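Before any comments, here is the structure.
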Amino acid sequence: MPSISQRLDNFTESVIREMTRVSDGCGAINLSQGFPDFDPPAELVKAAKTALDAGFHQYAVTWGSPRFRKALAEKQRRWMGIDLDPDANIVVTCGSTEAMMTAMMTVCNPGDKVIVFSPFYENYGADTILTGAVPIYVPLTPPDFNFDPAELRRAFEQGAKALVLCNPSNPTGKVFTREELTLISELAIEFDAFVITDEVYEHIVYEPNEHIYIASLPGMFERTLSCSSLSKTYAITGWRLGYVIASEKVIGGAKKVHDFLTVGAAAPLQEAAVTALGFPDEYYEKLQRQYTELRDVFLHYLDQVGLPYTRPQGAYYVLVDISDFNAEDDTRFCRWLAQEIGVAAVPGSSFFHEPVNHLIRFHFAKRKETLHAAGERLLRLKRG
Ligand code: GLN
């Protein structure tokens with residue numbers, strides 16, 4: 001038999017999705033793979049039904065339905081503070097997963113170096129490897145997840161073509177400050193590199209933190225590929241609607257990559273999503289209040305158990321320190337936790353390039369009842 005591609009030797013299957021299978025297999029409450037167990041806004045579901053009756057069954061324009069791109073340009077203009085041309089600055093993709101792969105393939109040649117902060121969402125490793133690029137990891141050091149500016153500079157000095165920035169960050173819950181983003185942008189400009197963002201948690205930020213789009217900083221729009229999606233903002237992870245926003249020149253390249261990767265995102269869902277993109281500011285304020293409450297419910301249980309954690313500033317994940325359990329490793333601990341305690345988490349080591357295995361990740365994008373049920377189970381971990 002011929003052998004399959006060697007590229008595949010360099011990364012494993014998704015540990016996040018494996019933990020979902022473990023969780024399903026033992027009937028645990030799944031706080032591993034991050035997706036909501038509550039419905040999207042009813043208006044949006046109604047719009048999807050309407051779109052199916054209105055004949056949107058064939059391909060949309062490859063880089064996105066014109067109505068969707070117009071609504072997205074308007075919404076992002078409000079939030080990013082950047083005037084966007086729906087035809088020149090946007091490609092609509094199948095989720096931000098495709099957006100990031102498209103972004104990476106658009107800017108990188110095989111052998112190019114790409115800076116990735118570690119810990120990182122597992123896709124970035126696979127994206128670089130499938131593109132033929134070489135990751136340079138810069139640690140975000142627990143428990144505060146700050147980076148060393150000198151180390152970041154050294155990474156740029158190695159000739160990085162791009163930097164991947166997940167902000168707000170999965171799995172750390174870090175929201176990069178204006179000072180940090182300014183430092184990153186100054187280095188990107190000095191060393192003439194691109195920044196590829198993953199900003200899917202742009203609207204899930206806890207006070208007093210504030211999400212700043214790096215593309216909005218001076219000199220950055222031309223060198224930033226801003227990737228995001230509607231998945232988390234509108235609780236529609238299964239709709240697979242994402243996008244890349246960038247300069248006309250970059251988007252010209254991204255359109256080609258996207259066209260041959262997937263042709264396009266689901267046409268009726270793009271039409272329906274125009275409704276969501278038109279939601280007023282109150283929707284986003286309510287979303288923030290909702291997630292703040294969910295975060296507080298879950299963190300209260302961690303406090304009761306006495307588990308140390310880093311307080312999330314954004315996104316819906318929390319990294320918890322399991323050092324006190326003397327577990328042999330975090331993967332075994334997570335399997336035990338799912339099977340014996342009935343709550344599934346993701347082993348932190350799957351996010352780190354460095355040998356860190358004292359952390360596990362929970363997500364709290366769940367109804368309060370679900371979080372209370374999980375919390376009650378976790379109380380069994382309480383000592384003495
Ligand atoms: N982004 C989510 C997480 O980190 C979902 C991952 C996925 O399965 N696509 O858990």
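A quick note: this is a predicted structure, and the numbers were derived from the prediction, not measured. Whatever order the structure lists them in is the order used to number ligands and atoms, beginning at 1. Heads up: numbering here begins at 1 and tracks the sequence. Heavy atoms only: backbone and side chains are in, while hydrogens, waters and symmetry mates are out.
In this structure, F333 is not a member of the same hydrophobic cluster as L319, with clusters built from ILVMFWY side-chain heavy atoms closer than 4.5 Å.
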Pairs of nitrogen or oxygen atoms, one from ligand 1 and one from the protein, closer than 3.5 Å: please tabulate them with distances.
| unit_1 | atom_1 | unit_2 | atom_2 | d |
| --- | --- | --- | --- | --- |
| ligand 1 | 1 (N) | K232 | NZ | 3.3 |
| ligand 1 | 4 (O) | N170 | ND2 | 2.9 |
| ligand 1 | 4 (O) | Y317 | OH | 3.3 |
| ligand 1 | 4 (O) | R361 | NH1 | 3.0 |
| ligand 1 | 4 (O) | R361 | NH2 | 3.4 |
| ligand 1 | 8 (O) | R17 | NH1 | 2.5 |
| ligand 1 | 8 (O) | Q33 | NE2 | 2.6 |
| ligand 1 | 9 (N) | R17 | NH1 | 3.0 |
| ligand 1 | 9 (N) | Y121 | OH | 3.2 |
| ligand 1 | 10 (O) | G34 | N | 2.7 |
| ligand 1 | 10 (O) | R361 | NH2 | 2.7 |

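T197 is linked by a side chain to side chain donor-acceptor pair (under 3.5 Å) to E199, counting only residues two or more places apart in sequence or in another chain.
The aromatic rings of Y234 and F279 stand perpendicular to each other, their planes meeting at an angle above 60°, with 30° marking the opposite boundary. Under the 30°/60° scheme for interplanar angles, the aromatic rings of Y316 and H363 are found to be tilted.
Annotation for K70: atom NZ does not count as buried by contact number, only 12 or fewer foreign heavy atoms lying within 6.0 Å.
Both the sub-6.0 Å distance and the 45° axial angle are not jointly satisfied by K366 relative to the ring of F298.
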